[in-house]
> 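Once you've had a glance at the structure underneath, I'll fire off some questions.
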Amino acid sequence: MEEKIKKFINELHIVQKEAKKLAFMKLKDSHISPEQCHLLVLINCCHMNQKQLAAQMHISEATLSVRITRLEKAGYVEKEINLNDKRNYTLKISDKGKEILEEQMIALEGIMEDIFKGVSEEEINNAIVLLKKLENNMNRGEEDC
């Protein structure tokens, strides 16, 4: 069983690495990284504060802050001050950000079609269930530390 687990982890690593490489190749002309694209998606669809965004992306708040600053300088996001609490702000995707996000989503959809060619919906669902179980096990392990 241990050998199969090692092989599984290695395959996950390879798939993740290759998917990231494909995404970088598709996004290289846009001057936006796959991580920045992911952040734009979350800002566009979800109303989360910085702590929630960092947790969703599995990165530190400091790393997220750097990414937000870069997106803001590029004109892709805007910060809106919370009128009830001047210390807090809401992130909003700008028109320029919406344009770049739309372009990138079209490019990434093509990548996903290529990656999942020949994979059934049932196989995808089974993989999701398995990965969720692994994630839950890891989260329980973190609680024990």
Side-chain angles (χ1 to χ4, degrees), residues 5 7-145:
I5 291 171
K7 183 175 170 88
F8 178 78
I9 290 171
N10 186 53
E11 291 298 322
L12 276 178
H13 177 72
I14 290 169
V15 167
Q16 188 249 355
K17 189 176 177 180
E18 290 300 314
K20 197 172 193 175
K21 188 167 45 172
L22 282 171
F24 268 113
M25 286 172 38
K26 284 281 188 183
L27 300 177
K28 70 179 179 191
D29 295 332
S30 69
H31 308 291
I32 185 171
S33 72
E35 290 84 4
Q36 288 172 318
C37 187
H38 183 212
L39 180 54
L40 283 176
V41 168
L42 292 175
I43 291 169
N44 192 43
C45 75
C46 312
H47 300 286
M48 293 188 263
N49 63 31
Q50 192 165 332
K51 187 173 190 162
Q52 293 166 323
L53 282 169
Q56 178 71 31
M57 296 183 73
H58 301 281
I59 58 175
S60 71
E61 289 182 55
T63 299
L64 178 64
S65 183
V66 170
R67 289 184 187 170
I68 289 169
T69 300
R70 287 185 181 146
L71 289 173
E72 190 178 21
K73 284 181 182 175
Y76 298 139
V77 297
E78 301 163 347
K79 290 180 181 177
E80 291 182 345
I81 300 294
N82 183 329
L83 298 176
N84 297 326
D85 184 353
K86 304 276 189 221
R87 296 170 296 168
N88 289 322
Y89 58 87
T90 303
L91 290 170
K92 180 182 170 221
I93 191 165
S94 68
D95 289 339
K96 183 179 177 182
K98 286 178 184 175
E99 284 178 31
I100 193 82
L101 183 57
E102 190 174 319
E103 292 170 13
Q104 299 319 308
M105 293 311 294
I106 291 168
L108 292 174
E109 282 175 20
I111 292 172
M112 292 299 117
E113 285 177 20
D114 291 343
I115 290 173
F116 286 93
K117 196 175 288 179
V119 179
S120 72
E121 192 171 331
E122 182 181 359
E123 289 171 314
I124 293 170
N125 289 335
N126 288 338
I128 291 169
V129 168
L130 174 61
L131 293 171
K132 276 294 184 194
K133 283 181 182 178
L134 296 175
E135 182 182 6
N136 289 338
N137 289 344
M138 288 185 282
N139 288 337
R140 274 197 298 271
E142 286 177 4
E143 293 169 4
D144 294 342
C145 293

> Using the side chain to side chain donor-acceptor pair (under 3.5 Å) criterion, which residues pair with Gln52? Sequence neighbours excluded.
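For Gln52, no residue satisfies side chain to side chain donor-acceptor pair (under 3.5 Å) once neighbours in sequence are set aside.
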> Please enumerate all residues that pass side-chain contact (heavy atoms from CB on, under 4.5 Å) together with Glu80, with sequence neighbours excluded.
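By the side-chain contact (heavy atoms from CB on, under 4.5 Å) rule, Glu80 matches Lys92.
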> Spell out, as yes or no, whether a donor-acceptor pair under 3.5 Å connects the side chain of Ser94 to the backbone of Gly75.
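Side chain of Ser94 to backbone of Gly75: a pair is present.
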> Can you list the residues that meet the side chain to side chain donor-acceptor pair (under 3.5 Å) rule with Lys73, with sequence neighbours excluded?
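For Lys73, no residue satisfies side chain to side chain donor-acceptor pair (under 3.5 Å) once neighbours in sequence are set aside.
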> When you measure from the side chain of Glu103 to the backbone of Ile100, do you find a donor-acceptor pair of N or O atoms at a distance under 3.5 Å?
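Checked: no pair found.
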> Can you name the residues that form a side chain to side chain donor-acceptor pair (under 3.5 Å) with Glu18, not counting sequence neighbours?
Lys21
> Which residues pass the side-chain contact (heavy atoms from CB on, under 4.5 Å) test with Val41, not counting sequence neighbours?
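For Val41 the side-chain contact (heavy atoms from CB on, under 4.5 Å) partners, ignoring immediate neighbours, are Leu101, Met105.
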> With a 3.5 Å cut-off and sequence neighbours excluded, list the donor-acceptor pairs that the side chains of residues 57-68 form with protein atoms.
{"from": "Ser60", "atom 1": "OG", "to": "Thr63", "atom 2": "N", "distance (Å)": "3.0"}
{"from": "Ser60", "atom 1": "OG", "to": "Thr63", "atom 2": "OG1", "distance (Å)": "2.9"}

> If the condition is salt bridge (charged side-chain N to carboxylate O under 4.0 Å, His left out), which residues does Asp95 pass it with, not counting sequence neighbours?
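Salt bridge (charged side-chain N to carboxylate O under 4.0 Å, His left out) list for Asp95, sorted by chain: empty.
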> Nearest 0.5 Å, please: how far is CG in Asn10 from NZ in Lys7?
8.0 Å
> According to the salt bridge (Lys or Arg N to Asp or Glu O under 4.0 Å) rule, which pairs have a member within residues 30-56, sequence neighbours left out?
Lys20-Glu35
> Apply side-chain contact (heavy atoms from CB on, under 4.5 Å) to Cys46 and list each qualifying residue two or more places apart in sequence or on a separate chain.
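For Cys46, the residues satisfying side-chain contact (heavy atoms from CB on, under 4.5 Å) (neighbours in sequence not counted) are Leu42, Met48.
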> Among all residues two or more places apart in sequence or in another chain, which pass the side chain to side chain donor-acceptor pair (under 3.5 Å) test with Glu113?
none
> Scan for salt bridge (Lys or Arg N to Asp or Glu O under 4.0 Å) pairs involving residues 124-136, sequence neighbours excluded, and state none if there are none.
Lys132-Glu135
> With rounding to the nearest 0.5 angstrom, report the NZ to NZ distance, Lys96 to Lys98.
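The NZ atom of Lys98 is 15.0 Å from NZ of Lys96, to the nearest 0.5 Å.
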> What are the two closest heavy atoms between Ile93 and Ile43, and how far apart are they?
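The answer is N-CG2, 3.9 Å.
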> Within a radius of less than 6.0 Å around CD of Glu102, do more than 12 heavy atoms belonging to other residues, nucleotides or ligands occur?
no
> Rounded to the nearest 0.5 Å, what's the gap from CZ on Phe8 to NE2 on His13? Could you check?
14.0 Å
> Can you check whether Leu91 reaches Leu39 side chain to side chain, under 4.5 Å on heavy atoms?
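No - every pair of side-chain heavy atoms lies 4.5 Å or more apart.
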> Just jot down the side-chain contact (heavy atoms from CB on, under 4.5 Å) partners of Asn126, sequence neighbours excluded, or say none.
Glu122
